[in-house]
Protein chains: 2
Amino acid sequence: MDTNTHFGRIRQALEEQITSGVLPPGARLPAERLLSERFHTTRVTVRGALNSLEQDGIIYREDRRGWFVAPPRLVYNPTKNANFHQMAAEQGYAPDTSLIEAHRIPSTPQIQQMLGLPPLSQVYRLRRLRSIDQRVVLFVENYIRADYFPDLLDHDLSQSLSTLYQERYQTVYQHVAFQLYPVALPEQAASQLKVTQGSAGLLISRVNRDQSNRIIDCDFEYWRHYALVVQAETT
Amino acid sequence: MDTNTHFGRIRQALEEQITSGVLPPGARLPAERLLSERFHTTRVTVRGALNSLEQDGIIYREDRRGWFVAPPRLVYNPTKNANFHQMAAEQGYAPDTSLIEAHRIPSTPQIQQMLGLPPLSQVYRLRRLRSIDQRVVLFVENYIRADYFPDLLDHDLSQSLSTLYQERYQTVYQHVAFQLYPVALPEQAASQLKVTQGSAGLLISRVNRDQSNRIIDCDFEYWRHYALVVQAETT
DNA sequence: TCATCATCTTGGTATAGACCAGATTGCCTT
DNA sequence: AAGGCAATCTGGTCTATACCAAGATGATGA
């Protein structure tokens, strides 16, 4: 790290405080104005250093609330069909899902293409927000074939979908195709995740098939970029 | 997009120019000072908008050279063992690899652990820079078991390693374990990729085994974050 | 012809302020 | 005790300006 600039010095100082454990995961950092005084510099420079640490996943921000030390990343293995609650629980986190909205709507061209549906087909659209240890980390949109899952909306939608499919519809995820790319979080995802629109995120979109190789749903997962590491093995 | 701020207006204006094709992939954007005049604002604000577009992978910067329109992302399928040259060529890009350095060195504890080696073992370390269509997109460090590949350094190391393994050592990649996470690019990767230290990147680290399930090498791939989309399928 | 150096242009870093808007908090009223 | 309101705190956005360092360029000289 280049310590010839204020930028670099602030970055390093904060990084040391964090890795040494003086500032534990979840702890709040001093306010930007306070930091700029303490380092004899300006807010613009301090924000540069904070942004850089945020890029690295060491800290994260909540809009107009402050900066916090980021906990270790969640390990996400898309090849294992793991559901969110199970995955988080196995790694010692306290997961939670809240349902934002659930509707039966006409499918859009994009969704028709992903699900292999004809125009005017009906799908369920779920929007849900997921957190680990009280930190929101994931905003997810599910699009589900309505014809395969009658009365889906009558069930508890804050649980894992894979569990619901299995218990009520005798359907399991068998095959997953996913794409993963770094993006700037779009407006809705950003506001739900309480970050500024345009900040870094990871978009994972998946198309899921059941035991009969029928496409049953697809989803768009918007993750806070520092919240996870994706891991997989193949032969 | 919020067009009530200069930030949002600049973002949108540039985005339109790009998606409409007025500014094609690879084109250079006007200088920051010029943009700030044209939008009746300051460089600080312009840079905010440019950073946001960069996050989104719509534009990219080269240190002290300027801002450019980003071409479509390279599709990277880690499960297919595709080598870089083959993968890029299949998608219509002109790939290139340049060797930065190649040495036989004592392994570090981290590498020993990843490769399952005892202390003091010798490994080759390759550092290479890869580009598509003249744009550097990937800085990669390979650590290779020296005992499995005698005289490796005598060969042409700007080609694909998997090709070299196969043709000269009768060894093929059989099993890959990889981890993928968004990071801020560390110093060396950033300078090689001609971006500012601390800017967004994607780190993919892999541990590769051969047809006998022996660990033969591992690598650390530092990608410019906008340069690729990771894609995979599983059953 | 080719290497070198000065100059210009570019983004990178920095100062020193300012106002806005959402989140939090605590007092004050009912 | 509960609700509402206002003060205060936070980060978000912005102006205006300055100097630095590396890349690009073209004139100069061997």
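Numbered from 1 within each chain, the chains take letters A, B, ... in sequence-line order.
Taking the side-chain hydrogen bond (donor to acceptor under 3.5 Å, both in side chains) definition, one finds that Y222(A) meets it with nothing, sequence neighbours left out.
Judged by distance alone, the side chains of Q110(A) and Y143(A) never bring a donor and an acceptor atom under 3.5 Å apart. For N142(B) and R206(B), the side-chain atoms include no donor-acceptor pair closer than 3.5 Å.
Residue E101(A) qualifies as enclosed at atom CD: its count of foreign heavy atoms under 6.0 Å is above 12.
As a whole-Å value, the separation of R61(A) CZ from dC9(D) P is 22 Å. Following rounding to the nearest Å, L193(B) (CG) and dG23(D) (P) show an atom-to-atom distance of 14 Å. Note: CH2 (W67(B)) to P (dG12(C)) measures 6 Å, nearest angstrom. Taking atom CZ on R47(B) and atom P on dT17(D), their separation rounds to 18 Å, with Å as the unit. We find that CZ of F68(A) is positioned 11 Å from P of dT10(D), with the value rounded to whole Å. With rounding to whole Å, K194(A) atom NZ is found 14 Å from dG12(D) atom P. If you take CZ of R11(B) and C1' of dT13(D), they are 16 Å apart, rounded to a whole angstrom. When the P atom of dT15(D) is taken as reference, atom CG of L35(B) falls 14 Å away, rounded to whole Å.
When distances are taken from the side chain of E32(B) to each of dG12(D), dT10(D), dG11(C), the shortest belongs to dG11(C).
Exactly one of V207(B), T108(B), D219(B), D217(B) qualifies for a side-chain contact (heavy atoms from CB on, under 4.5 Å) with M114(B). That residue is V207(B).
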Contact pattern, 5' to 3', of nucleotides 14-23 of chain C - B, S or - by protein heavy atom under 4.0 Å: BBB-BB-BBS

Side chain to side chain donor-acceptor pair (under 3.5 Å) evaluation trace for W67(B) with E32(B): CA-CA 9 Å; W67(B) 293 88; E32(B) 293 178 0; 3.0 Å; yes

